[in-house]
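The next block holds one structure in the form of structure tokens; read it before the comments.
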Amino acid sequence: MKVAIIAQDQQCLNDIQKHLAHTNVSPQLVAITGGVQQIQAVMEQRHPDLLLLEGIQLNSGEQQVLSRITSRFPDLGVIILCPPQPQEFLLEAMRVGVREVIPTPVSQPVLIDAVERFQQRMALAKAPLREGEVLAFVPCKGGSGATFLASNIAYALASLENKRVILFDFNLQFGDAALFVHDGAPTTSIADVTRQIQRLDGSFLSSSSIQVLYNFDVLPAPNEPDKAAEIKPEHIKPLLQVARKHYDFVILDIGRLFDAISIQCLDQADLIFPIVQQTLPFIRDAKRVIDTFNSLGYPADKIRLIVNRFGKKDEITLADVANTLQLEVFKAVPNDYSAVAESVNQGIPVTKLARRSAVAKSLQEIAHELARSSAGNGLLKKLFSF
Ligand SMILES: Nc1ncnc2c1ncn2[C@@H]1O[C@H](COP(=O)(O)OP(=O)(O)OP(=O)(O)O)[C@@H](O)[C@H]1O
Ligand SMILES: [Mg+2]
């Protein structure tokens with residue numbers, strides 16, 4: 001979210017910026033000293049989502065400018081920061097399209113609440129009209145890179161393709177997906193949501209998750225086995241149905257163990273990405289995994305095989321993998337030890353930390369292709385829904 005602050009002097013500007021440094025939404029800030037006469041230029045050049053105006057009297061000239069701006073940019077949020085005012089002032093402010101009036105001296109929690117409230121409204125307004133896609137990532141063997149790919153592709157879909165994305169960590173015993181894209185200790189988990197499955201809706205789901213970006217949420221695995229045991233197979237369908245309604249992409253990091261919960265997840269998925277590497281033990285296990293998918297009745301076009309840690313010079317080629325598994329290779333993600341190790345160690349996605357690395361480029365390509373084909377699906381679904 002982009003926030004423009006217009007304040008009467010540098011001191012006020014600094015104070016407001018300091019307060020905003022404590023929000024969870026990490027806004028992009030545009031800070032300018034001056035008055036309402038600056039608004040037009042700021043709007044046209046910087047396109048903010050939210051405008052914070054300090055030191056406004058709301059005289060008739062200012063009312064005219066604000067009224068013009070809020071009519072021309074109806075999605076813009078305007079918040080005024082000024083000394084406490086009588087009721088009439090508040091009414092005037094509303095009439096010209098101001099969303100909130102915050103009394104000065106500004107209290108940090110009040111300002112943060114107002115900004116986060118606006119951000120949530122914005123996110124809801126952008127919620128998809130059609131249902132999102134569920135993508136499941138499954139390691140064919142331990143250490144294939146399923147968690148790395150699920151978490152980093154999820155991040156790339158949100159940050160580069162501007163999609164609303166949620167990542168669920170279904171490695172219910174030893175889940176670590178959140179740590180690949182976030183550096184704090186997780187405080188919530190899927191169990192907190194399934195415990196109250198009857199009251200689950202999009203905003204409850206989003207507020208129970210870790211917000212990595214304003215359009216990217218992560219719901220970690222529980223950190224204790226007894227909490228994991230609370231999650232039941234019958235929770236999965238309603239959980240994913242709500243998630244589909246609220247997000248463009250619902251990404252599932254599924255563990256190696258096929259149990260009733262992971263099979264529910266796979267049943268609900270639109271696409272499944274088994275992750276394999278180019279050595280025999282991986283390919284042997286991949287064969288078993290693909291056989292399991294066949295026996296579960298999943299059609300071949302639901303499966304998208306990814307070869308991870310790909311090396312052009314490796315003895316086993318992509319053609320060998322495809323022939324042995326009787327499955328086309330959807331993508332090969334290059335082996336890039338230093339970029340990936342640094343990303344995983346710091347909990348910073350590789351497309352952010354090492355944007356130009358070969359592995360980041362490959363993930364960007366995958367995210368782009370998924371975003372493009374989901375838009376195409378949407379169009380087709382729309383055409384055939386008449
Ligand atoms: N393309 C890559 N290049 C280099 N290293 C990689 C690549 N992908 C993954 N790795 C490394 O492999 C390690 C294991 O990856 P990850 O944890 O994603 O595997 P997993 O399939 O989820 O395994 P598990 O079965 O333990 O959940 C990561 O910590 C990372 O360092
Ligand atoms: Mg994993």
Side-chain angles (χ1 to χ4, degrees), residues 135-156 167-183 186 189-190 212 218-223 225 228 251-259 261-262 265-266 269 272-279 281-290 292-293 303-314 316 318 321 325 329-367:
L135 314 181
F137 289 76
V138 186
C140 289
K141 187 175 179 61
S144 307
T147 302
F148 169 71
L149 293 176
S151 55
N152 277 267
I153 291 171
Y155 183 88
L167 168 68
F168 288 96
D169 187 352
F170 275 105
N171 290 268
L172 295 181
Q173 297 297 337
F174 299 104
D176 55 356
L179 302 175
F180 282 60
V181 286
H182 178 78
D183 59 1
S189 83
I190 299 177
V212 174
V218 177
L219 204 49
N223 50 12
I251 311 283
L252 313 179
D253 175 14
I254 312 253
R256 250 167 308 146
L257 189 72
F258 287 125
D259 59 10
I261 290 180
S262 55
C265 289
L266 295 170
I272 300 174
F273 297 85
I275 314 301
V276 67
Q277 295 186 17
Q278 290 158 285
T279 58
F282 277 94
I283 295 170
R284 253 197 311 267
D285 281 8
K287 182 102 185 78
R288 293 195 196 117
V289 169
I290 308 291
T292 310
F293 292 159
I303 318 288
R304 299 275 195 280
L305 182 67
I306 297 187
V307 175
N308 189 28
R309 307 197 73 164
F310 169 65
K312 279 190 195 127
K313 295 187 182 145
D314 286 12
I316 296 178
L318 289 185
V321 177
L325 298 179
V329 174
F330 168 65
K331 287 283 174 214
V333 177
N335 186 26
D336 196 335
Y337 178 79
S338 59
V340 176
E342 203 182 335
S343 150
V344 170
N345 287 338
Q346 296 185 36
I348 301 174
V350 75
T351 47
K352 181 173 177 192
L353 191 69
R355 215 156 38 93
R356 293 181 202 288
S357 62
V359 66
K361 284 190 182 146
S362 165
L363 299 179
Q364 283 163 20
E365 244 174 64
I366 295 177

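Note that ligands are numbered from 1 as they come in the structure, with each ligand's atoms numbered from 1 the same way.
For atom 28 (C) of ligand 1, the closest non-hydrogen atom of the protein is V344 CG2, 4.5 Å. Among protein heavy atoms, atom 8 (N) of ligand 1 sits closest to N308 ND2, 2.9 Å. The protein atom (non-hydrogen) at minimum distance from atom 27 (O) of ligand 1 is T147 OG1, 3.9 Å. Among protein heavy atoms, the minimum distance from atom 4 (C) of ligand 1 is reached at N335 OD1, 3.2 Å. Of all protein heavy atoms, the one closest to atom 3 (N) of ligand 1 is D336 N, 3.0 Å. Protein heavy atom closest to atom 15 (O) of ligand 1, with residue, atom name and distance, is G145 CA, 3.6 Å. Of all protein heavy atoms, the one closest to atom 18 (O) of ligand 1 is F148 N, 2.7 Å.
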For this session: Mind running side chain to side chain contact (heavy atoms under 4.5 Å, CB included) on Q364 and R355 for me, showing each step along the way?
Result: CA-CA 9 Å; Q364 283 163 20; R355 215 156 38 93; 4.0 Å; yes
Exercise. Please walk me through it: do F137 and L167 pass side chain to side chain contact (heavy atoms under 4.5 Å, CB included)?
Worked result: CA-CA 11 Å; F137 289 76; L167 168 68; over 6 Å; no
Problem set entry | Step-by-step side chain to side chain contact (heavy atoms under 4.5 Å, CB included) determination, K287 to L325 | CA-CA 6 Å; K287 182 102 185 78; L325 298 179; 4.0 Å; yes
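Counting only distance, with no hydrogens or angles, the side chain of S343 and the backbone of A339 share no donor-acceptor pair below 3.5 Å. Side-chain atoms of D183 never come within 3.5 Å of backbone atoms of G347 as a donor-acceptor pair (strictly under, hydrogens ignored). Panel note: side chain S362, backbone A358; no donor-acceptor pair is recorded below 3.5 Å.
Using a 4.0 Å heavy-atom cutoff, I275 is absent from the residues neighbouring ligand 1.
Polar contact check, D176 against ligand 1: no nitrogen or oxygen pair lies under 3.5 Å apart. Among the atoms of F180, none of the N or O lies under 3.5 angstrom from an N or O of ligand 1. In terms of N/O distances under 3.5 Å, ligand 1 is not approached by V359. Of the polar atoms of S144, at least one N or O is found under 3.5 Å from an N or O of ligand 1, judged by distance alone. At least one N or O atom of G143, backbone or side chain, sits closer than 3.5 Å to an N or O atom of ligand 1. Inclusion of K141 in the set of residues having an N or O under 3.5 Å from an N or O of ligand 1 is not warranted. Between D253 and ligand 1, a contact under 3.5 Å exists for no N or O pair.
Ligand 1 places these atoms under 4.0 Å from at least one heavy atom of G142: 25 (O). Of all atoms in ligand 1, listed by their number and element, those nearer than 4.0 Å to a heavy atom of P139 are 21 (O). The contact set between ligand 1 and R256, taken as ligand atoms under 4.0 Å from a residue heavy atom, comprises 25 (O).
Side-chain atoms of L135 and L252, non-hydrogen and from C-beta on, never get closer than 4.5 Å to each other. Considering only heavy atoms from C-beta on, P349 stays 4.5 Å or farther from F180 through its side chain.
Contacts with ligand 1 closer than 4.0 Å are made by backbone heavy atoms (N, CA, C, O) of P334 only, the side chain lying farther away.
Here the shortest heavy-atom pairing between L179 and P186 reads CD2-CD, 4.4 Å. The heavy-atom pair separating A221 from G175 by the smallest distance is CB-CA, 3.8 Å. Of all heavy-atom pairs between A360 and T351, the closest is O-CG2, 3.8 Å. In plain terms, the two heavy atoms of R356 and K361 that are nearest each other are O-NZ, 3.5 Å. Annotation for L353 and E342: closest pair CD2-C, 3.7 Å, computed over non-hydrogen atoms.
For atom 13 (C) of ligand 1, the nearest protein heavy atom lies 4.0 Å away or farther.
Residue V340 holds the heavy atom nearest to atom 10 (N) of ligand 1 of all those in L257, V138, V340. Comparing heavy-atom distances from atom 11 (C) of ligand 1 across R309, E342, Q277 singles out R309 as nearest.
Counting non-hydrogen atoms of other residues, nucleotides and ligands closer than 6.0 Å to NZ of K331 gives a total above 12.
Contact annotation: N171 places no N, O or S atom under 2.8 Å from the Mg ion (ligand 2).
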